[in-house]
Amino acid sequence: MTDETRGSRIGSAVRRGRPRKEHGLAFKVFWRTVLGLFSLFVIGFVVLLVIYLRTPIPQPQANAGKQLSIVYYNDGKTELGRFSTVNRQDVKLDQVPRTVRYEFLAAEDRNFYKNSGVSFSGTVRAAWKTLTGGGEQGGSTITQQYVKNYFLTQDRSVKRKVKEIMISLKIDQKYSKDQILQDYLNNIYFGRGAYGIQAASQAYFGVDVEKLNPSQGAFLASVINAPGLYDPQYGDAAAARANARMVYVLDGMVKEGWMTQAEREKQEFPNFVPYKPNSQITPGPNGYIVASVRSELQNKLKLSPEDIDRGGLRITTTIEKPAQDAAVAAVNKSVPSEVARLDQLHTGLFAQKPDGAVVAMYGGNDISKNAVNAATGAQIQGGSSFKAFALAAALQDGMTMQTRFSGASPLVLNAGGGKQTRVTNDHGDQYGSLTLGQAFAVSSNTAFVRLNQQLGTGKTLAAAQQLGIPAKAPGMNDPSAVDVLGYAAVHVSDMANAYNTISAEGKKAAPYFITKVSSTAGDYDYSAHPNTTQAIDKDIAANLANGMQGPLVGAGGYQGTAESTAGTLNRPAGGKTGTTGANGKFIAAWFTGFTPNQLTTSVGMYAGDGTKALNQAGESFYGGDIPGTIWRDFMSAALKGQPVAKMPTPKDVKPSVTNTPPPVTQTQAPQPTTTPPSTTRSSTPPRPTTTSAPPTPSSTQRPTPSTTRSTTTQPTPTTEPTRPTQPTQPTPTVTRPTQPQTPPPASGVAPRAGQQSSSPVG
């Protein structure tokens, strides 16, 4: 072998033995990631392309998707009412002033004439904010909004969003931008029941679209963002939000070169015409139910006004037609128009089952004439109805219905500062030693004030909240020795709910009107799942329910305050009267009662603006009179054919609350006594006062769907010797509740400044 050959072989060996250079882990991860992402991109692109090609432009929904939503009774077939008819009139784009057109672009899509119909960055940003807890976000172009409103439904699924994007891309290719903008302006919802810019121009400003000025146009471009939040009819806060949005729109006009700064500085917040929704609401008593259903759809189910008005919803309620008919008939029978002046005398009736299902509600004669719902909107002092809450506190503290207190009258309490509080029974009726059952049956004010002192400050109000009276109700945070007489002002629905807790074995349930919601497009489905909580011990509730039979059937030889009316129901039942008044006037009257674990109904009545008398001169108007009669007539009809519910068996129970009442200085000490009932009274004494006086729902301007706001005044009580007074603690008056953000608002009884309130008489 030559040296040359040897060298060549050696060189070959060296080359064959040299190791191959390996790439690092980072290099491999990088390129594999790139290849993976590229593959996913290709796959995703293909998938989207297939979806795009297979997604047709659908036919528009009937009337641009604005299908009426219908409300049914609990059978799901019988129509109860429906939401507003569609207010819509198409116009050509050239009828809309050019400046107004661009104001909508400044508000919603400043790149409208440049984009392809979809804002991918906006969609991704909105999706990210939603996924990371930022709440639902916008991000849609005008084309996407048009597609959603014109072709699709209002569900918020990913599938619908993908369809929206694909159709938007196709729409942008098929139609001109001007055509898309025209269709958008004719279909968008502006609030006040108005769809499209022409209807909105009339609803807000009373002019046709051609006459809109730049300030009005900027407002309309702003209000579509959230009509319920920006419409000034809902008050100053809404107007402030609208003003801020208009600033954004007008500044955008200047930024995009669509308006000069000089013209921008001329713009002012516009004036509006009053909103008149009466043509869009269900008239008569059922209108109050439809309004309450709408409120539940918006506040509980979180549906927007647009979802409700145009979603083609089919809403099945808890309302039973026979019961609702019975409610209307019972009121009309006992409150004839020629006697009671239905426009002046207001009756609220609220009936619910143990799980909270509302089976009937009477809020007034006609919502189109009076927007105040007497059952859920007006607040009147509960009066002696609050004595049931004192009983609940007493039983939880270890007392029984046989525990005794003196019913002697008057009871004079030192109120401090040399002042006194004088408590009397109605008509000055005198009682000896009364069991709690007897005191409840005759509604003895003095016996219950003595009980209240024995319990300790605040126990009665705490029990009321425990059972279902809202803590924020006027007077619920003002504990005193006489709070048991019902100075707190509540809705009729609140009282029904609290008594329902007693009836339902101590289980508290929130009232509800809706059992099921579906849509004609099949894209929405809801079923109610009511929840109950054990508010008080079941055995205590059983004893309480038994003890509350007294006002209907009497107790221990004493006649009950509603024995001649509610007591003739001929079913086991419990309940309580309540009456308020001053200076010979009866201002408000109540009866609330139940058949055990079956049905609870509260009836509350007040007159005019809350300061007028229920009674004619020289006549009485106790809770056991007309309210008790209405309750009996309604319950008889509503329970027809249903089993007769039996009272639960009373049980021996242990105290669940430790009672350590503070010392009370008084001129007549509240001492439980074992003295038998006074022999100076007959076994069936004259009917004692059945009143629990709510200070009159003080003066109220009759609310209309407007910008009025809730107010609370603390008037100085009068010092009539025939009723309890609290010189150091002014009693609260009835207040108007907060207006909802969807017309018609459910407002209530509001006081005039300085108006004095009435107080319980029995």
Exercise for review: Identify whether NZ of Lys or CZ of Arg in K576 sits under 6.0 Å from the centre of the six-membered ring of F440 and within 45° of that ring's axis.
Suggested key: yes
Check your understanding: Is a side-chain donor-acceptor pair under 3.5 Å present for K507 with T533?
Key -> no
Point to revise | Distance in Å, Y362 OH paired with T601 OG1, rounded so as to fall on 0.5 Å steps | key: 15.5 Å
Exercise for review: Walk me through it: do S69 and I315 pass the test side-chain contact (heavy atoms from CB on, under 4.5 Å)?
Suggested key: CA-CA 8 Å; S69 293; I315 303 117; 4.2 Å; yes
Practice item. State plainly whether the residues D633 and K333 are in salt-bridge range, i.e. N to O under 4.0 Å. Key: yes
Point to revise | Partner of M495 by side-chain contact (heavy atoms from CB on, under 4.5 Å), out of T592, L467, V603 | key: T592
Exercise for review: Determine yes or no for a side-chain-to-main-chain donor-acceptor pair under 3.5 angstrom, with H346 supplying the side chain and G364 the backbone.
Suggested key: no
Point to revise | R192/D231 under salt bridge (Lys or Arg N to Asp or Glu O under 4.0 Å): CA gap, chis, key distance, verdict | key: CA-CA 9 Å; R192 299 195 175 191; D231 186 346; 2.9 Å; yes
Review point. Just checking, is any N or O donor in the side chain of R314 or S519 under 3.5 Å from an acceptor N or O on the other one?
Key: no
Check your understanding: Considering only heavy atoms from C-beta outward, does the side chain of V71 approach that of T317 to under 4.5 Å?
Key -> yes
Exercise for review: Output yes when a side-chain donor or acceptor of S503 lies under 3.5 Å from a complementary backbone atom of N597, and no otherwise.
Suggested key: yes
**Study point:** Lys/Arg N to Asp/Glu carboxylate O, E320 vs K353, below 4.0 Å
**Key:** yes
Review point. Can you check whether P470's main-chain N or O pairs, donor with acceptor, with Q465's side chain at less than 3.5 Å?
Key: no
Point to revise | Centroid-centroid distance, F190 to Y195, less than 6.0 Å | key: no
**Study point:** Approximate separation, where rounding is to 0.5 Å, of L544 CG and E505 CD
**Key:** 13.0 Å
Point to revise | N/O donor-acceptor pair under 3.5 Å between Q324 side chain and K321 backbone | key: no
Practice item. Using modelled atom types only, decide if a donor and an acceptor are shared between the side chain of S304 and the backbone of D307 within a distance under 3.5 Å. Key: yes
**Study point:** Evaluation steps, side-chain contact (heavy atoms from CB on, under 4.5 Å), between D625 and T579
**Key:** CA-CA 10 Å; D625 296 336; T579 313; over 6 Å; no
Check your understanding: Is a donor on one side and an acceptor on the other found under 3.5 Å between the side chain of Q549 and the backbone of N546?
Key -> yes
Review point. Taking side chain as C-beta onward, heavy atoms only, is N497 less than 4.5 Å from F350?
Key: no
**Study point:** Between CG on residue N500 and CG on residue L599, distance to nearest 0.5 Å
**Key:** 8.5 Å
Practice item. Nearest 0.5 Å please: distance from the CZ atom of F386 over to the CG atom of L485. Key: 11.0 Å
Check your understanding: Between L639 and F634, is a side-chain contact (heavy atoms from CB on, under 4.5 Å) present by the stated rule, with each step listed?
Key -> CA-CA 8 Å; L639 294 172; F634 166 75; over 6 Å; no
Review point. Do Y288 and N365 get their side chains close enough for a donor-acceptor pair, meaning under 3.5 Å?
Key: no
Point to revise | Atom pair CE/CG of M361 and N286 - distance to nearest 0.5 Å | key: 9.0 Å
**Study point:** From N543 atom CG to L391 atom CG, the distance as rounded to the nearest 0.5 Å
**Key:** 11.0 Å
Check your understanding: Do T347 and V331 have side-chain heavy atoms sitting under 4.5 Å apart?
Key -> yes
